[in-house]
Amino acid sequence: MEIVKSGVREQLDVHRLREQFPVLARQVHGKPLVYLDNAATAQRPLAVIEAIDGFYRNYNANVHRGVHQLSVEASEAFEQSRQAVRRLLNARSEREIIFTRGTTEAINLVANSYLRPTIQAGDEILVSHMEHHSNIVPWQLLCEQTGAVLKVMPINQRGELLLDEAEAMISERTKLIGIVHVSNALGTVNPVAELCALAKQHGVPVLVDGAQATPHEKVDVQALGCDFYALSAHKMYGPTGIGALWGREELLEAMPPWQGGGEMITRVSFDGTTYNELPHKFEAGTPNIAGAIGLGAAVKWLEDIGVERIAAHEQKLLDHATERMSEVEGLTIIGQAAHKGPVVAFTLDGVHPNDLGTIIDHHGVAIRTGHHCAMPVMQFFGVAATARVSFACYNLRAEIDVFLDALEKARKMLT
Ligand code: C6P
């Protein structure tokens with residue numbers, strides 16, 4: 001699949017790539033599907049669908065528990081997926097990769113197991129104004145229960161983090177900084193490495209919400225200098241209900257388990273229990289085995305295609321969409337950062353985004369409308385909701401044109 005010519009990989013053959021995604025061949029309301037809701041969840045390639053199917057057909061068994069052949073095969077596949085996630089993030093060790101239900105659970109794990117045991121009243125947690133609710137509410141819960149304080153790092157009107165102001169907020173009271181790598185609501189790619197370097201000077205750990213980053217760019221947690229990194233498989237062509245938390249081994253070692261049950265122990269008696277080693281200490285109960293295997297397949301698939309090639313293709317789509325959408329009367333793009341992922345959120349004068357989304361859907365085009373689980377950033381921009389198109393490796397320039405035709409028809413109908 002990988003084509004290398006004199007060291008440079010060729011551009012994506014998007015038409016061929018699309019054949020690997022069965023759902024893209026379907027029609028919606030009698031029109032060819034144009035799927036532009038990839039930030040909500042991407043579609044799955046055959047490699048992922050078949051990996052999950054293959055597990056259930058051929059070697060379905062519980063992991064780490066049986067001596068029988070099926071369990072051995074399932075355990076091997078499960079652990080190979082952990083290795084794949086380790087490679088994806090360039091983590092030092094597979095001991096640092098904890099399977100979770102997704103980004104949300106990964107962040108809750110850090111809130112409950114890393115911060116809760118040590119945080120005191122008056123301590124501070126910093127997050128940016130553009131966070132998804134999953135990087136706000138777990139900290140608010142913790143603050144309510146402990147008297148700690150959640151503080152907001154400001155952004156500008158383009159939707160960029162104000163790094164100097166953020167640095168000025170870091171003090172000896174700061175116990176953690178949470179930052180989204182790529183904003184789902186604006187598309188902003190945050191200067192994570194710079195923020196981590198600043199935080200490090202103050203000895204403050206940084207958790208990165210990578211849900212929207214891993215499908216679009218090469219992530220290297222060691223180069224970023226962060227301490228925790230959260231991801232969801234379903235944003236990167238893998239299944240729902242599975243994701244991962246990466247954490248620095250020394251931090252994870254020192255953290256207590258956050259859920260108790262099978263798998264996370266070495267010995268249990270009524271006199272006391274000893275916990276399993278990393279990463280199993282944080283994986284109580286039977287895990288989402290098929291999901292993890294699907295996630296491993298998604299990582300391998302991304303490696304085969306090449307995230308850099310995907311990013312180059314998506315950048316062209318983003319440029320084309322931004323240019324054409326800027327010409328639409330009454331349309332305002334919300335989120336105009338200099339460095340953006342393939343997301344364009346917008347409002348249209350006098351039109352509710354939900355009405356727009358419904359009409360556009362009748363042209364076969366799937367977009368997302370609403371607050372995108374990022375209400376504080378909507379409040380910052382003074383809007384209740386936006387419409388959002390978000391691109392993936394299989395999207396075509398021509399699909400953006402179909403969307404724009406549908407948008408124009410909707411605009412004429414609604415204004
Ligand atoms: N954003 C969107 O349409 P989960 O649900 O745990 O897989 O991911 C949550 C999450 C966390 N952070 C960011 C930046 C996200 O974009 C998301 C999911 C979807 O934008 C659903 S609201």
Side-chain angles (χ1 to χ4, degrees), residues 35-44 48 85 98-112 127-141 153 155 159 161 177-190 192 195 206-217 219 226 228-246 288 291-292 294-295 298 314 334-335 337 339-346 353-354 357 361 366-378 381 383 385-392:
Y35 188 76
L36 301 180
D37 193 18
N38 295 284
T41 197
Q43 298 299 340
R44 322 296 187 243
V48 170
V85 177
I98 295 148
F99 284 125
T100 63
R101 283 194 296 126
T103 302
T104 304
E105 192 176 66
I107 297 173
N108 277 276
L109 193 166
V110 176
N112 284 291
V127 295
S128 83
H129 211 130
M130 70 179 93
E131 298 306 312
H132 186 276
H133 297 165
S134 62
N135 205 17
I136 299 174
V137 185
W139 312 119
Q140 284 179 327
L141 287 169
M153 299 183 288
I155 60 175
L161 181 70
I177 297 175
I179 184 74
V180 66
H181 197 166
V182 179
S183 159
N184 66 315
L186 307 173
T188 309
V189 179
N190 276 308
V192 170
L195 184 66
V206 178
L207 174 142
V208 182
D209 169 353
Q212 298 291 347
T214 50
H216 307 296
E217 65 177 87
V219 173
C226 56
F228 297 103
Y229 197 96
L231 63 88
S232 294
H234 70 101
K235 311 276 193 206
M236 43 180 276
Y237 312 104
T240 47
I242 186 82
L245 172 72
W246 168 83
N288 180 355
L295 168 55
E314 290 171 343
I334 307 289
H339 190 187
K340 277 184 71 172
V343 169
V344 190
F346 64 98
N354 287 353
D361 177 60
I367 68 170
R368 186 169 173 191
T369 60
H371 54 65
H372 314 292
C373 300
M375 281 178 159
V377 82
M378 299 292 130
F381 284 100
V383 294
T386 65
R388 181 187 72 185
V389 288
S390 52
F391 311 122

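Whatever order the structure lists them in is the order used to number ligands and atoms, beginning at 1.
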Quiz item: Sequence neighbours excluded, which residues qualify as ring-ring contact (aromatic ring centres under 6.0 Å, His included) partners of F391?
Solution: none
Quiz item: Near C373, which atoms of ligand 1 are under 4.0 Å from a heavy atom of that residue?
Solution: 22 (S)
Self-check item: Close approach of E131 to ligand 1, heavy atoms, under 4.0 angstrom
Solution: no
Quiz prompt | Flag for T369-N354: side-chain donor and acceptor within less than 3.5 Å | solution = yes
Quiz prompt | Side-chain heavy-atom pair T386, H372 within 4.5 angstrom cut-off | solution = yes
Quiz item: Would you find a donor on one side and an acceptor on the other, under 3.5 Å apart, between the side chain of D361 and the backbone of G357?
Solution: no
Practice problem: Enumerate the atoms of ligand 1 whose separation from the nearest heavy atom of Q212 is less than 4.0 angstrom. | Solution: 1 (N), 14 (C), 15 (C), 16 (O), 20 (O)
Quiz item: Is the side chain of T100 donor-acceptor paired with the backbone N or O of E105 at a distance under 3.5 Å, no angle test?
Solution: no
Quiz prompt | Heavy-atom nearest neighbour in the protein, as seen from atom 15 (C) of ligand 1, with distance rounded to 0.1 Å | solution = H132 CD2, 3.4 Å
Quiz prompt | Check: H372 N/O within less than 3.5 Å of ligand 1 N/O | solution = no
Exercise. With rounding to the nearest 0.5 Å, note down the distance linking CD1 in I242 to CG in L231.
Key: 9.5 Å
Exercise. Return yes if some donor-acceptor pair links the side-chain N/O of S183 with the main-chain N/O of A185 below 3.5 Å, else return no.
Key: yes
Quiz item: Going by the atom numbers of ligand 1, which of them fall below 4.0 Å from some non-hydrogen atom of S232?
Solution: 4 (P), 6 (O), 7 (O), 8 (O)
Quiz item: Within a radius of less than 6.0 Å around CE of M375, do more than 12 heavy atoms belonging to other residues, nucleotides or ligands occur?
Solution: no
Self-check item: Validation row: N135, L207 side chains within 4.5 angstrom (heavy atoms)
Solution: yes
Practice problem: For atom 12 (N) of ligand 1, find the nearest protein heavy atom and state the residue, atom name and distance (0.1 Å precision). | Solution: D209 OD2, 2.5 Å
Self-check item: Ligand-residue contact atoms, ligand 1 with V180, heavy atoms, under 4.0 Å
Solution: 14 (C)
Quiz prompt | T103 and ligand 1 - part of the residue with a heavy-atom distance under 4.0 Å | solution = both
Quiz item: Does ligand 1 have an atom under 4.0 Å from some heavy atom of H133?
Solution: no
Quiz item: Nearest to atom 5 (O) of ligand 1, what protein heavy atom do you find, and at what distance?
Solution: T104 OG1, 3.7 Å
Exercise. May I ask you to test the N190-M130 pair for a side-chain heavy-atom distance under 4.5 Å?
Key: yes
Quiz item: Is R388 touching ligand 1 with its side chain, its backbone, both, or neither, if touching means heavy atoms under 4.0 Å apart?
Solution: side chain
Quiz prompt | Closest protein heavy atom (residue, atom, distance) for atom 21 (C) of ligand 1 | solution = R368 NH1, 3.3 Å
Quiz item: Are the side chain of R368 and the backbone N or O of S390 linked by a donor-acceptor pair below 3.5 Å?
Solution: no
Quiz item: Under 3.5 Å, N or O to N or O, is E105 touching ligand 1 that way?
Solution: no
Exercise. If you have a sec, work out which protein heavy atom is nearest atom 11 (C) of ligand 1 and how many Å separate them, to one decimal?
Key: S134 OG, 3.1 Å
Quiz item: Among protein heavy atoms, which lies nearest atom 1 (N) of ligand 1, and at what distance?
Solution: K235 NZ, 2.9 Å
Practice problem: Any atoms of ligand 1 less than 4.0 Å from a non-hydrogen atom of A211? List them with their elements. | Solution: 11 (C), 12 (N), 13 (C), 15 (C)
